[in-house]
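Comments concern the structure below.
Labels below follow one simple rule: chain letters A, B, ... track the order of the sequence lines, proteins then strands, and each chain is numbered from 1. None of the values given here were measured: they were computed from a predicted structure.
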Amino acid sequence: MSRFPGLHRWDVSPAEARAIQQRLRQRLILEDDFGPVATVAGVDVGFEDDGTLARAAVVVLDHADLAVVEQAVGRCPTPMPYIPGLLSFREIPAVLAALEDLERLPDVLLCDGQGIAHPRRMGIASHLGLITGLPSIGVGKSRLIGTHGPVPAERGGWTPLVDGDEVIGAVLRSREGVKPIYVSPGHRVGLESAVRLVMDCVTRYKLPETTRAADRLASAR
DNA sequence: GCGACAG
DNA sequence: ATCTTGTCGC
């Protein structure tokens, strides 16, 4: 029993993957389109057997107290090598396997990587949001594209990430004294809400608890 | 042609 | 992403 409709094939060439991204980007909703957020999920992918097997982890947390509600792990043969701009084709198949095992789907997905802060506005968070239909946000530890000015030093402060004349994300100081993180809307979430939801999940560390929990599970530490 | 380049 | 110990700083 599959929870999500297959929008396209996964065993595609880089050129086909880029064409799929161009086709899908038109369906993205880049403004708030969600109800009460009771749960938030962290999504991350790790690899086993020299990278031949992808292992995805999804950890659902209670939005109010960040307590773990449930978690799932999904595996699948790694489809293709890492190619900047095509990360979702390498990692999403395993993520979908993990999502199928959840008792209940979360209200929002926080993915490791970018949302629309991507050359074709189709980073892994946006792609996953479109496939699942769930609101999604990209939380990256580093930059893929875009430029930005100085990042405020205080916790919670941020500056726009820009590409040409478009604001594609926020460079956020999630914690004082450490490198900022890159937050961008994935699907059905506007930038301000994306930043707010991410900060809702940040406690005493640079990365939100969603990411930390998923990272831990995906890397089997 | 020369860099840049999520995880 | 992954390979990996100690080490600097609050």
Of all the choices, dT2(C), dA4(B), dG7(B), which nucleotide is nearest to the side chain of S219(A) once you look at every atom? dT2(C)
Closest to the side chain of F47(A), out of dA1(C), dA4(B), dA6(B), is dA1(C)
Please check the phosphate of [N] (OP1 and OP2 only) for any side-chain N or O of [X] closer than 4.0 Å.
X: Y82(A); N: dA6(B); value: yes
X: K141(A); N: dG7(B); value: yes
X: S142(A); N: dC5(B); value: no

Would you mind reading off the distance between [X] atom [atom1] and [N] atom [atom2], rounded to a whole angstrom?
X: R90(A); N: dC5(B); atom1: CZ; atom2: C1'; answer: 15 Å
X: R120(A); N: dC5(B); atom1: CZ; atom2: C1'; answer: 12 Å
X: R143(A); N: dC5(B); atom1: CZ; atom2: C1'; answer: 8 Å
X: I137(A); N: dA6(B); atom1: CD1; atom2: P; answer: 21 Å
X: H148(A); N: dA4(B); atom1: NE2; atom2: C1'; answer: 14 Å
X: D49(A); N: dA1(C); atom1: CG; atom2: C1'; answer: 14 Å
X: L86(A); N: dA4(B); atom1: CG; atom2: P; answer: 20 Å
X: L87(A); N: dA6(B); atom1: CG; atom2: C1'; answer: 6 Å

So what does [X] touch, heavy atoms closer than 4.0 Å: a base, only the sugar-phosphate, or nothing?
X: G85(A); answer: base
X: I124(A); answer: base
X: D44(A); answer: sugar-phosphate
X: G140(A); answer: sugar-phosphate

D112(A) vs K141(A), test: salt bridge (Lys or Arg N to Asp or Glu O under 4.0 Å). Steps then yes/no. CA-CA 8 Å; D112(A) 244 57; K141(A) 294 182 288 295; 2.8 Å; yes
Verify the cluster assignment for V183(A) and V108(A): are they in a single hydrophobic cluster under the rule of side-chain heavy atoms below 4.5 Å apart? yes
Give the cluster check for L105(A) versus V37(A): same hydrophobic cluster or not, with ILVMFWY residues linked at side-chain heavy-atom distances below 4.5 Å. no
Short side-chain to backbone donor-acceptor contact, Q114(A) and S184(A), under 3.5 Å: no
Atom CD of E31(A) with >12 non-hydrogen neighbours under 6.0 angstrom: no
